[in-house]
Amino acid sequence: MTGLKDAIRSNFDASVSAYGAYERRTGRFGTLARLLLAEMTVRADGPLETLLDAGAGTGISTDVLAASGSRAVALDVSRGMLGANDATDRVQGDFDRLPLVDDAVDGVAFTASLFLVPDPVVAVREARRVCRPGG
């Protein structure tokens with residue numbers, strides 16, 4: 001599985017400028033992030049003070065989450081993508097082993113990213129681990 005993850009990381013490291021161009025042309029990542037945030041807000045048992053943007057990329061979704069008043073933590077496996085992300089809180093990491101303590105965030109947003117992991121069940125289990133009760 002390491003080979004697949006390395007290929008994904010390399011692809012995204014090389015795709016930073018393409019993401020900006022795609023978003024300027026389509027607005028799809030921003031739209032998806034706004035829809036996801038609205039759904040998360042409805043489903044949460046309390047305020048979404050801290051959100052993990054899992055697969056944050058260049059920060060399109062991170063900006064949407066932060067604009068809601070939440071502290072948005074940008075997580076991506078790609079160092080190149082994170083380098084283009086303006087978030088104050090950025091961390092390079094893998095969905096299979098999120099580098100956060102248990103109950104650290106109020107929600108985890110996978111905006112157009114969960115389908116990229118070899119085992120989504122493991123990634124969702126990790127998201128649940130780092131999400132506070134009611135998040």
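What you see is a predicted model, and the numbers here were worked out from it, not measured in a lab. Below, all heavy atoms of this structure are taken into account, side chains as well, without hydrogens, waters or symmetry copies.
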Treat each ILVMFWY residue as a node, draw an edge where side-chain heavy atoms are under 4.5 Å apart, and state whether Val105 and Leu48 are in one component. no
Is there a chain of hydrophobic side chains (I, L, V, M, F, W, Y, each step under 4.5 Å between heavy atoms) that links Met81 to Phe115? yes
Between Met40 and Ala109 the two heavy atoms that sit nearest each other are SD-CB, 3.9 Å
From Arg125 CZ over to Asp119 CG, what is the distance, rounded to the nearest 0.5 angstrom? 7.5 Å
Side chain to side chain contact (heavy atoms under 4.5 Å, CB included) between Leu36 and Phe110: does it pass, once the steps are laid out? CA-CA 8 Å; Leu36 181 58; Phe110 292 98; 5.5 Å; no
Kindly say whether Leu98 contributes a backbone atom to a donor-acceptor pair with the side chain of Arg129 at under 3.5 angstrom? yes
Note, Leu75 side chain near Phe95 side chain (heavy atom, < 4.5 Å): yes
Over all atoms of both residues, closest heavy-atom pair of Ser15 and Asn11: OG-O, 2.6 Å
Could you work out, with side-chain contact (heavy atoms from CB on, under 4.5 Å) as the rule, every residue matching Val73, not counting sequence neighbours? Thr50, Leu52, Arg71, Asp89, Val91
Spell out, as yes or no, whether a donor-acceptor pair under 3.5 Å connects the side chain of Ser61 to the backbone of Ala33. no
Where is the tightest heavy-atom contact between Ile60 and Tyr19, given as atom of each residue plus distance? CD1-O, 4.3 Å
Just to verify, what does Ser68 make a side-chain contact (heavy atoms from CB on, under 4.5 Å) with, not counting sequence neighbours? Leu37, Ser70
For Ala74 against Ala87, the heavy-atom pair lying closest together: CB-CB, 4.0 Å
Residue pairs involving residues 9-32 (criterion salt bridge (Lys or Arg N to Asp or Glu O under 4.0 Å); sequence neighbours excluded): Asp6-Arg9
Hphob cluster co-occupancy, Val42 + Leu51, side-chain heavy atoms under 4.5 angstrom: no
For residues 103-112, which residue pairs pass the salt bridge (Lys or Arg N to Asp or Glu O under 4.0 Å) check, not counting sequence neighbours? Asp106-Arg132
Please evaluate residues Leu32 and Val64 with respect to the criterion side chain to side chain contact (heavy atoms under 4.5 Å, CB included), reporting the C-alpha separation (whole Å), side-chain torsions for both, the decisive distance (0.1 Å), and the verdict. CA-CA 10 Å; Leu32 285 171; Val64 169; over 6 Å; no
Given side chain to side chain contact (heavy atoms under 4.5 Å, CB included), test Asp76 with Asn85 step by step and report yes or no. CA-CA 10 Å; Asp76 206 286; Asn85 190 315; over 6 Å; no
Asp94 meets the side-chain contact (heavy atoms from CB on, under 4.5 Å) criterion, sequence neighbours left out, with Lys5, Asp96, Arg97
Grouping I, L, V, M, F, W and Y whenever their side-chain heavy atoms are under 4.5 Å apart, do Leu116 and Val122 come out in a common cluster? no
Rounded distance [0.5 Å steps], CZ in Phe29 versus OG1 in Thr58: 8.0 Å
Rounded distance [0.5 Å steps], CG in Asp86 versus CG in Asp63: 6.5 Å
Hey, could you give me each pair passing salt bridge (Lys or Arg N to Asp or Glu O under 4.0 Å) that has a residue in residues 39-60? Not counting sequence neighbours. Glu39-Arg43
